[in-house]
Peer 1: 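Take a look at this one; I'll ask things after.
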Amino acid sequence: MGSELPSLEIPITRTLIVAGAIASRDYQDVHHDAELARRKGSPDIFMNILTTNGLVGRYITDHFGPTAVLRKVAIRLGAPNYPGDTMVLTGRIEELEEGTGAGAGAGTMTVTVRVVGANAIGKHVTGTVTLTLPGTGTGTGTATETETETETETTVTVSVTDEEAS
């Protein structure tokens, strides 16, 4: 436990902010109109929570592989992501729990990962993610294994506490 995931740097561009807002049907002007965002007190447009949620999911699935299934993403926003900045996502495995017994839970592993996304002005996002992965079937696998010999399932949970959100 305590294993660090490799960091992921994401350049925050106007295109990313606007495309994310449109893709999530968030037409609030603060996500696409810089002048209106300034009139509302923001220095520029900023990323919406649904785009951030998607980027956190991407970070986890990039690490754990294409068979990862997100079960729960619990995030909290902090400092805004403005165009021209870079968000650096980091994660740490907090808990591993192997499933036991027969049935659907056999051969599964529950993993809790703490995720933080920071930019130049602070922590943009903190939170946890729960996901499932195919299991190894051996009972001795780790949370970072993605290739398996059986079709059992492993569960991974990523979590962030309120202390880290501040």
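Note that the structure is predicted; figures quoted are calculated from it, not measured. Throughout, residue positions are numbered sequentially from 1 according to the sequence presented.
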Peer 1: Kindly compute the distance separating CD (Glu94) from CZ (Arg114), expressed to the nearest 0.5 Å.
Peer 2: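 Going from CD on Glu94 over to CZ on Arg114, the span is 4.0 Å.
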Peer 1: Main chain of Met87, side chain of Asn119: is a donor-acceptor contact present, judged purely on distance under 3.5 Å?
Peer 2: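 Side chain of Asn119 to backbone of Met87: no pair is present.
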Peer 1: May I ask whether Val18 and Leu50 are part of the same hydrophobic cluster, defined by side-chain heavy atoms of I, L, V, M, F, W, Y residues being less than 4.5 angstrom apart, directly or through others?
Peer 2: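 Yes; tracing contacts between hydrophobic side chains, which count when under 4.5 Å, links both residues.
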Peer 1: Report yes if the side chains of Ile17 and Pro83 come closer than 4.5 Å at any heavy-atom pair, otherwise no.
Peer 2: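 With C-beta onward as the side chain, the pair touches.
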Peer 1: Say you draw a straight line from CD1 of Ile10 to CG of Leu16; how long is it, rounded to the nearest 0.5 Å?
Peer 2: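 Separation between the atoms: 7.5 Å.
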Peer 1: In the structure I gave you, are the side-chain heavy atoms of Pro6 and His63 within less than 4.5 Å of one another anywhere?
Peer 2: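 With C-beta onward as the side chain, the pair touches.
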Peer 1: Measure the OG1-CD1 distance between Thr130 and Ile60 for me, rounded to the nearest 0.5 Å.
Peer 2: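 Spacing of OG1 (Thr130) from CD1 (Ile60) equals 10.0 Å.
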Peer 1: If every non-hydrogen atom of Thr90 is compared with every non-hydrogen atom of Ser7, which pair is closest and at what distance?
Peer 2: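 Residues Thr90 and Ser7, closest heavy atoms: CG2-CB, 3.9 Å.
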Peer 1: State which residues pass side chain to side chain contact (heavy atoms under 4.5 Å, CB included) with Asp33; sequence neighbours excluded, sorted by chain then number.
Peer 2: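 Scan of Asp33 (side chain to side chain contact (heavy atoms under 4.5 Å, CB included), adjacent residues dropped) gives Asp29, Glu35, Leu36.
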Peer 1: Please find the pair of heavy atoms, one from Arg14 and one from Ala34, that lie closest to each other, and give the distance.
Peer 2: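 Heavy-atom minimum between the residues: NH1-CB, 4.2 Å.
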Peer 1: Please report the closest heavy-atom contact between Asp85 and Ala120, naming both atoms and the distance.
Peer 2: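 Taking Asp85 first and Ala120 second, the nearest heavy atoms are OD2-N, 3.1 Å.
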Peer 1: With a 4.5 Å heavy-atom cut-off, do Leu5 and Val115 have their side chains touching?
Peer 2: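 Contact flag for Leu5/Val115 side chains = no.
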Peer 1: By the side-chain hydrogen bond (donor to acceptor under 3.5 Å, both in side chains) test, which pairs, at least two apart or in different chains, include something from residues 47-57?
Peer 2: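 Pairs touching residues 47-57 that pass the test: Ser24-Asn48, Asp26-Asn48, Asn48-Thr51, Thr52-His124.
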Peer 1: Answer yes or no: is there a donor N or O on one side and an acceptor on the other, between the side chain of Ser42 and the main chain of Ile45, under 3.5 Å?
Peer 2: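 No, the answer is negative, given that no donor and acceptor are paired below the 3.5 Å cut-off.
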Peer 1: Shortest non-hydrogen contact from Ile12 to Tyr82?
Peer 2: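 That would be CG2-O, 3.2 Å.
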Peer 1: With ring-ring contact (aromatic ring centres under 6.0 Å, His included) as the rule and sequence neighbours excluded, what pairs involving residues 17-44 come up?
Peer 2: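 Residue pairs passing ring-ring contact (aromatic ring centres under 6.0 Å, His included), neighbours aside: His31-Phe46.
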Peer 1: So do Val116 and Val125 actually touch side chain to side chain, heavy atoms under 4.5 Å?
Peer 2: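 No, every pair of side-chain atoms sits at 4.5 Å or beyond.
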Peer 1: Find the distance between CG (Leu55) and CE (Met47) and round it off to the nearest 0.5 Å.
Peer 2: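 Going from CG on Leu55 over to CE on Met47, the span is 5.5 Å.
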Peer 1: Which value, rounded to the nearest 0.5 Å, describes the distance between Ile75 atom CD1 and Thr126 atom OG1?
Peer 2: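 Output value for this atom pair is 8.5 Å.
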Peer 1: Nearest heavy-atom pair of Ile121 and Ala79: which atoms, and what distance?
Peer 2: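 Closest heavy-atom pair between Ile121 and Ala79: CG1-CB, 3.7 Å.
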Peer 1: If you take all heavy atoms of Pro43 and Arg38, which pair is closest and at what distance?
Peer 2: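 Nearest heavy atoms, Pro43 then Arg38: O-NH1, 3.4 Å.
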